[in-house]
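Numbers for residues simply follow the sequence, beginning at 1. Atoms within a ligand are numbered from 1 in the order they appear, just like the ligands themselves. Heavy-atom basis, side chains included; hydrogens, waters and symmetry copies ignored.
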Amino acid sequence: MSFQIAIDGPAGAGKSTIARKVAKEKGFIYVDTGAMYRAMAYYLLCQGVSPNDDEEIGRKCSAADITICYEKGEQIVLLNGKNVNDVIRTEEVSRMASMSSKHPQVRKRLTQLQKELARTSDVVMDGRDIGTCVLPDADVKVYLTASVEVRAKRRYDELTAKHVVCDLGQIAEDIAQRDEQDMTRDIAPLKQAKDAVLVDSSHMTIDEVAKKILDLCEAL
Ligand code: DC
């Protein structure tokens, strides 16, 4: 049996940084499921699909072949065979991903792939529905969150470090809107699994959060 660590939580809570660190420490693969939803969103944008056109999303999503592979321990997302890692982190893709991930066909396709990865490898998987839907029997489940203000400031610092001009208030608004969308959708909404451990990272360092998760693994 593979060992499964599921980390769910809202955008900007630090899931990917923590999950990557824990995976490295344990020698597991890190599966960033958000990147898969982003690759699908990128595909739909390239096809000129509107985020509000549910029918067209359903029709077009089946032509997107999304897989992942690993290079030097880093996850590479392949969309129809092409590495899209560098083009899926824009605000436009974030907004589209939040809309298109509500779609049942999009979720069905990506969930299957995620379950298969966790069946064959020890994983740290992060997303919104990992502990609730994708890996309901995960060995360790964590719901990682932080206040909207802290998450917006982290994103603002990240962007300004890359010399991107941005507005803290606008980022906070976008984050709050995406939380609302992710938490209120009909299928696989973002919520804490009953058996997940709640970790609020607002006032914790990356190392402290990673240690907390590693301790949970040790305590089994
Ligand atoms: O974690 P992220 O910001 O890269 O995720 C992008 C979008 O994909 C986000 O709006 C929620 C959605 N998502 C999802 O619905 N289910 C997942 N398991 C992971 C991400």
Side-chain angles (χ1 to χ4, degrees), residues 4-20 23 29-45 49 51-52 54 57-58 61 64 66 68 74-77 79 84-118 123-136 138 141-146 148 150-152 154-156 158-159 171-193 196 201:
Q4 304 173 345
I5 303 174
I7 305 178
D8 289 302
K15 296 186 300 292
S16 59
T17 309
I18 302 295
R20 194 174 279 116
I29 63 167
Y30 163 47
V31 183
D32 173 0
T33 63
M36 298 179 189
Y37 286 94
R38 287 172 176 276
M40 178 62 83
Y42 176 75
Y43 173 79
L44 295 168
L45 284 170
V49 178
N52 302 312
D54 259 6
I57 291 176
C61 77
I66 293 165
I68 63 171
E74 274 301 299
Q75 173 180 303
I76 311 275
V77 187
L79 169 63
V84 289
N85 273 26
D86 290 343
V87 288
I88 57 173
R89 300 282 159 198
T90 64
E91 288 304 310
E92 192 190 14
V93 172
S94 299
R95 273 192 288 272
M96 180 56 149
S98 189
M99 296 298 283
S100 54
S101 61
K102 287 192 272 190
H103 205 286
Q105 270 165 273
V106 170
R107 297 209 76 80
K108 192 166 170 228
R109 284 171 67 79
L110 297 181
T111 301
Q112 267 167 3
L113 176 62
Q114 292 155 13
K115 280 180 188 280
E116 184 56 22
L117 282 164
V123 292
V124 181
M125 190 176 283
D126 77 352
R128 305 292 191 285
D129 62 337
I130 310 306
T132 51
C133 298
V134 182
L135 307 177
K141 290 186 191 178
V142 170
Y143 188 83
L144 183 62
T145 190
V148 170
V150 167
R151 290 186 282 136
R154 285 178 187 162
R155 180 74 182 138
Y156 175 84
E158 226 174 75
L159 289 170
I171 294 174
E173 234 172 77
D174 281 353
I175 285 183
Q177 194 187 343
R178 270 203 281 151
D179 283 359
E180 168 76 12
Q181 267 169 201
D182 293 344
M183 289 172 177
T184 58
R185 68 181 176 219
D186 291 338
I187 308 169
L190 167 64
K191 65 171 183 212
Q192 184 180 344
S201 73

Asker: Where's the contact between Gln114 and ligand 1, heavy-atom distance under 4.0 Å: side chain, backbone, both or neither?
Answerer: neither

Asker: May I ask you to check whether Thr17 and Arg154 show a side-chain donor-acceptor distance below 3.5 Å?
Answerer: no

Asker: Do me a favour and list the nearest non-hydrogen protein atom to atom 7 (C) of ligand 1 with residue, atom name and distance?
Answerer: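 Protein heavy atom with the smallest distance to atom 7 (C) of ligand 1: Ala97 CB, 3.7 Å.
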
Asker: What protein heavy atom sits nearest atom 18 (N) of ligand 1, and how far off is it?
Answerer: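 Protein heavy atom at minimum distance: Asp129 OD1, 2.8 Å.
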
Asker: Hey, looking at atom 15 (O) of ligand 1, which of Arg185, Lys102, Met99, Gln181 has the closest heavy atom?
Answerer: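 Residue with the shortest heavy-atom distance to the ligand atom: Arg185.
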
Asker: Output the list of atoms in ligand 1 that are nearer than 4.0 Å to some heavy atom of Asp182, sorted by atom number.
Answerer: 9 (C), 10 (O), 11 (C)

Asker: Where's the contact between Arg107 and ligand 1, heavy-atom distance under 4.0 Å: side chain, backbone, both or neither?
Answerer: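 The answer is the side chain.
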
Asker: Considering only non-hydrogen protein atoms, determine which one is nearest to atom 1 (O) of ligand 1 and report residue, atom name and distance to 0.1 Å.
Answerer: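 It is Arg128 NH1, 2.8 Å.
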
Asker: Near Glu92 CD, under 6.0 Å, is it more than 12 heavy atoms from other residues, nucleotides or ligands?
Answerer: no

Asker: Applying a heavy-atom cut-off of 4.0 Å, say which part of Asp126 lies close to ligand 1: side chain, backbone, both or neither.
Answerer: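 No part of Asp126 is near ligand 1 at this cut-off.
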
Asker: Please write down residue, atom name and distance for the protein heavy atom closest to atom 19 (C) of ligand 1.
Answerer: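 Ranking protein heavy atoms by distance from atom 19 (C) of ligand 1, first comes Thr33 OG1, 3.3 Å.
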
Asker: Just jot down the ligand 1 atoms closer than 4.0 angstrom to any heavy atom of Arg178, in number order.
Answerer: 3 (O)

Asker: Is the shortest distance from a Lys or Arg side-chain nitrogen in Arg185 or Asp129 to a carboxylate oxygen in the other one below 4.0 Å?
Answerer: no

Asker: Any idea which protein heavy atom is nearest atom 4 (O) of ligand 1, and the distance to it?
Answerer: Arg38 NE, 2.6 Å

Asker: What protein heavy atom sits nearest atom 8 (O) of ligand 1, and how far off is it?
Answerer: Tyr37 CB, 3.4 Å

Asker: Check the side chains of Asp126 and Ser16 for a donor-acceptor pair under 3.5 angstrom, ignoring hydrogens and angles.
Answerer: no

Asker: Is any side-chain heavy atom of Gln181 less than 4.5 Å from a side-chain heavy atom of Met99?
Answerer: yes

Asker: Atom 12 (C) of ligand 1: which protein heavy atom is closest, and how many Å away?
Answerer: Ser101 OG, 3.6 Å

Asker: Between the side chains of Lys15 and Asp32, is the shortest nitrogen-to-carboxylate-oxygen separation below 4.0 Å, so that they form an ion pair?
Answerer: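 Result for this pair is no, no salt bridge flagged.
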
Asker: Flag yes if more than 12 heavy atoms outside Lys108 fall under 6.0 Å of its NZ atom; otherwise flag no.
Answerer: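 Result for NZ/Lys108: open.
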
Asker: With nothing but distance in play, are any N or O atoms of Asp32 less than 3.5 Å from an N or O of ligand 1?
Answerer: no

